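Owing to the predicted nature of the structure, the values given are computational and were not obtained by experimental measurement. The first residue of the sequence shown is numbered 1, and numbering continues consecutively from there.
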Amino acid sequence: MAAAAARAVRFDRYGGREVLYVADVDMPTPGPGEVVVEVRAAGINPGEAAIRTGALHEMFPATFPSGEGSDLAGVVTAVGARVAEFSAGDEVLGFSFRRSSHATHAAVPVGQLIHKPPQLSWEVAGSLYVVGVTAYAAVRAVAPQPGETVAVSAAAGGVGSLVVQLLALREARVLGIAGPGNAEWLRAHGATPIPYGDGLADRLQEAAPTGIDAFIDLFGPDYVQLAVDLGVVPQRIDTIISFQKAGEVGAKTEGSAEASTPEVLAEMADLIVSGTIDFEVAATYPLDRVADAYEELEKRHTRGKIVLLPNVSQ
């Protein structure tokens, strides 16, 4: 018998992690072209934290009480009218544009879901969407060619670790900017590690004496300016976070919005299933510990994804 109620993360005002709570909510019902998913895993992302603090109010305003979450994987429990792609009991992964995946159940349009490959764990499947499609879009935006040199800031983070591997697949020479603790991982995945901090420009120039062809910024505006200062043409600079700075210098801002399709998600899932790229899960938390999960995320030193398991007890 289906549960009579669902549970979901909510916040009623902008603020720090303390504004997050888990509420009992009505069980969602599927509209036409939708299914209800019992969420087994849901990744958390820096953009969600920025929305919650109000830092992205101009671009992505919240309506209170607000839900949270985009990534999800789970089992279909109910099917709406005009749905032929999925049936109750199907295992799926995908994304929600309704800030609703940090919950035990979510109604999702079928165009935002794919069948979950059985080889993918729930944790990987439920945290693939944001980082996977964002990395795909960022790499596509700078159009790397074999033998070209591409620098990547935050190269060992959730998005960065996938960007590095996608660039290596395209036979680009990757300069991965990250903390020294990630040097071994970067080398093992085809990148040259470049420590961030004072003297970064000099280290990049020493590593690429003939110049850097493209730059992907995953951290902040200083890196966009650094790319310009190093002579990278703006059309080959992409940032997923520094929108104002990108507008000032003419850089690209292609990220998840440009690649949020089932086809891209399926391609990324296939790359993981085949072992072509690695995908790491750093930690998992039950829904009731959502604030703790974001505390770990906001330290910005985690390699791999942090994942909520909404239907697991604390």
Residues in salt bridge (Lys or Arg N to Asp or Glu O under 4.0 Å) contact with Glu34, at least two apart in sequence or another chain: Arg98

Quick one: NE2 on His102 to CG on Leu72, what's the gap to the nearest 0.5 Å? 9.0 Å

Can the positive tip of Arg99 be found less than 6.0 Å from the middle of the six-membered ring of Phe60, inside 45° of the ring normal? no

Tell me if the CD atom of Glu184 is crowded by more than 12 foreign heavy atoms within 6.0 Å. no

Would you call Glu148-Arg236 a salt bridge at under 4.0 Å N-O? yes

Is there a continuous path of hydrophobic side-chain contacts, each under 4.5 Å between heavy atoms, that joins Val22 to Val312? no

Please confirm whether the backbone N or O of Leu218 pairs with a side-chain atom of Ser153, one donor and one acceptor, at under 3.5 Å? yes

Tell me whether Glu298 is salt-bridged to Arg17, with the criterion being a basic N under 4.0 Å from an acidic carboxylate O. yes

So Phe11 and Tyr14, would you call those rings parallel, tilted or perpendicular, with 30° and 60° as cut-offs? tilted

Between the CG atom in Leu204 and the CG atom in Asp229, the distance rounded to the nearest 0.5 Å is 11.5 Å

Between the side chains of Tyr129 and Gln112, is a donor N or O closer than 3.5 angstrom to an acceptor N or O? no

A side-chain contact here means heavy atoms from C-beta on lying under 4.5 Å apart; do Phe95 and Ser256 qualify? no

Taken to the nearest 0.5 Å, the spacing of Leu186 CG from Gln165 CD works out to 10.0 Å

We want to know whether Ser127 and Asp71 form a side-chain donor-acceptor pair, criterion being a heavy-atom distance below 3.5 angstrom. no

With Tyr21, the side chain to side chain contact (heavy atoms under 4.5 Å, CB included) member among Asp288, Asp12, Val290: Asp12

Quick check on Asp198: does its CG atom have over 12 non-hydrogen neighbours (other residues, nucleotides or ligands) under 6.0 Å away? no

Set of salt bridge (Lys or Arg N to Asp or Glu O under 4.0 Å) partners for Arg173, sequence neighbours left out: none

